[in-house]
Amino acid sequence: MTDLLALDIGGSTTRALRCTDGRRRTSETGSANLASVGDAEAGRRLDAAFAGLGDLAGVEAVCAGAAGADSPATVARLTALLAERVPHARVLVVHDTQLMLAAAGLDAGVVLISGTGSVAWGRRPDGGHFRAGGWGYLLGDEGSGWWVAREAVRHALARHDRGLPHDAVTAALLDGCGLGGCAELLDHVYGRPDRRYWAARADAVAGLAPEDPAANAILGRAADALAGLARCVLDRLDLAGPVVLGGGFAVHRPVLQRMVRDRLPGVDLQVLRTDPVLGALHLARALVGAPEIPAGAVPVLEEIP
């Protein structure tokens, strides 16, 4: 009997997958990112994620990929939270980028994430690895959904300062926020600090980008930033590719995918079309030497047209 637990702890959500002799149960809750919500709230959200997965006493291994799992101290804190809840299991905590490489079935390459935040991470065949970005919304996250929404807000406020009428980006932003005008926007931004809320507002910008110059310019700057992260890692590791594009914002935005590809000529750029939590399951299996994921669950990569 093999009983494994896999977690993908992103900036917006926590996805949990329990696999017991091939039988799978899943659950989803809010982000248990320690940097965003603190240890106590992260523990409560882990409890919520585990509530529907049954008694965890028989779980043999847990792998959690977490946004922000960068420092040894953070890894140790999350490891302790998991060990409290799954006391008989081996526990592995990695940065969430590593889940995507594993989910893609790759031993080497670069993962580029644009979700609520942004980051790139890569590994060479010899095991050498490097990360660029991932510094959080105060210091980075360029090219993420949150960043695109912030740029749209700045665009709208700049037009307001100059006395210009609402353009398509401003109108879409105000409509998405349920606001009547830019005079209400500043209070709304500071009154709603939830990055998930603002990342969702980026949808309007992406939808306008094919036809609206201002939206296209914002998304183009996002693509510049993302391609720059990927190029940094490729160069530091002396890799030609591939680059696997993931994250909730990027994987649902073909226009952004094409822009990033245009900025990485000659690089094999692919979009991850499977749940990254399967990468955590793959790593959990390796912890206990369990058989690989059955053929029917092999992740699929889709090339960008």
Side-chain angles (χ1 to χ4, degrees), residues 9-14 28-38 40-42 44-45 66-68 96 113-119 133-226 228-229 247-253 255-256 259-260:
I9 303 173
S12 299
T13 60
T14 296
E28 183 174 312
T29 187
S31 175
N33 185 315
L34 297 183
S36 298
V37 302
E41 181 61 22
R44 285 189 285 270
R45 294 185 180 184
D96 62 344
I113 295 178
S114 172
T116 305
S118 65
V119 65
W135 305 125
Y137 73 101
L138 289 177
L139 300 175
D141 280 347
E142 296 89 347
S144 67
W146 171 86
W147 183 92
V148 167
R150 190 196 68 173
E151 291 299 290
V153 170
R154 295 178 66 185
H155 169 83
L157 292 175
R159 290 184 63 86
H160 178 68
D161 283 349
R162 296 194 299 271
L164 298 175
H166 293 173
D167 65 352
V169 170
T170 303
L173 178 66
L174 294 174
D175 183 64
C177 295
L179 303 178
C182 286
E184 304 171 45
L185 191 54
L186 191 63
D187 285 345
H188 192 69
V189 169
Y190 286 103
R192 295 289 299 264
D194 183 359
R195 290 183 299 128
R196 293 172 297 176
Y197 172 83
W198 289 105
R201 307 283 82 75
D203 292 349
V205 179
L208 290 169
E211 298 179 356
D212 180 75
N216 188 271
I218 291 172
L219 214 61
R221 294 197 298 274
D224 289 340
L226 294 172
L229 289 175
F249 186 58
V251 299
H252 299 299
R253 306 289 175 269
V255 62
L256 178 61
M259 286 180 170
V260 173

Atom pair [atom1] ([X]) and [atom2] ([Y]), whose distance is rounded to the nearest 0.5 Å:
X    : Y    : atom1 : atom2 : result
E41  : L34  : CD    : CG    : 11.5 Å
R192 : D187 : CZ    : CG    : 13.5 Å
D212 : D167 : CG    : CG    : 6.0 Å
T116 : D194 : OG1   : CG    : 8.5 Å
L208 : L219 : CG    : CG    : 10.5 Å
C177 : E184 : SG    : CD    : 10.0 Å

[X] versus [Y], closest heavy-atom pair with distance:
X    : Y    : value
W198 : V189 : CZ2-CA, 3.5 Å
E142 : S118 : O-OG, 2.7 Å
V169 : A214 : CG2-CB, 4.0 Å
S31  : G10  : OG-O, 2.6 Å
V148 : A222 : CG2-CB, 3.9 Å
A156 : L173 : CB-CD2, 4.2 Å

Residues R253, D203; criterion side-chain contact (heavy atoms from CB on, under 4.5 Å); working and verdict: CA-CA 9 Å; R253 306 289 175 269; D203 292 349; 2.2 Å; yes
Is R159 reaching over with its side chain to a backbone N or O of H155, donor-acceptor style, under 3.5 angstrom?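 Side chain of R159 to backbone of H155: no pair is present.
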Quick one: does [X]'s side chain get under 4.5 Å of [Y]'s, heavy atoms only?
X    : Y    : answer
D96  : I9   : no
T13  : R196 : no
V205 : E151 : no

Between R195 and D141, does the side-chain contact (heavy atoms from CB on, under 4.5 Å) criterion hold? Intermediate values first, please. CA-CA 11 Å; R195 290 183 299 128; D141 280 347; 3.7 Å; yes
Quickly, which of L226, V260, V251 forms a side-chain contact (heavy atoms from CB on, under 4.5 Å) with S114? Name it, please.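 The residue from L226, V260, V251 that satisfies side-chain contact (heavy atoms from CB on, under 4.5 Å) with S114 turns out to be L226.
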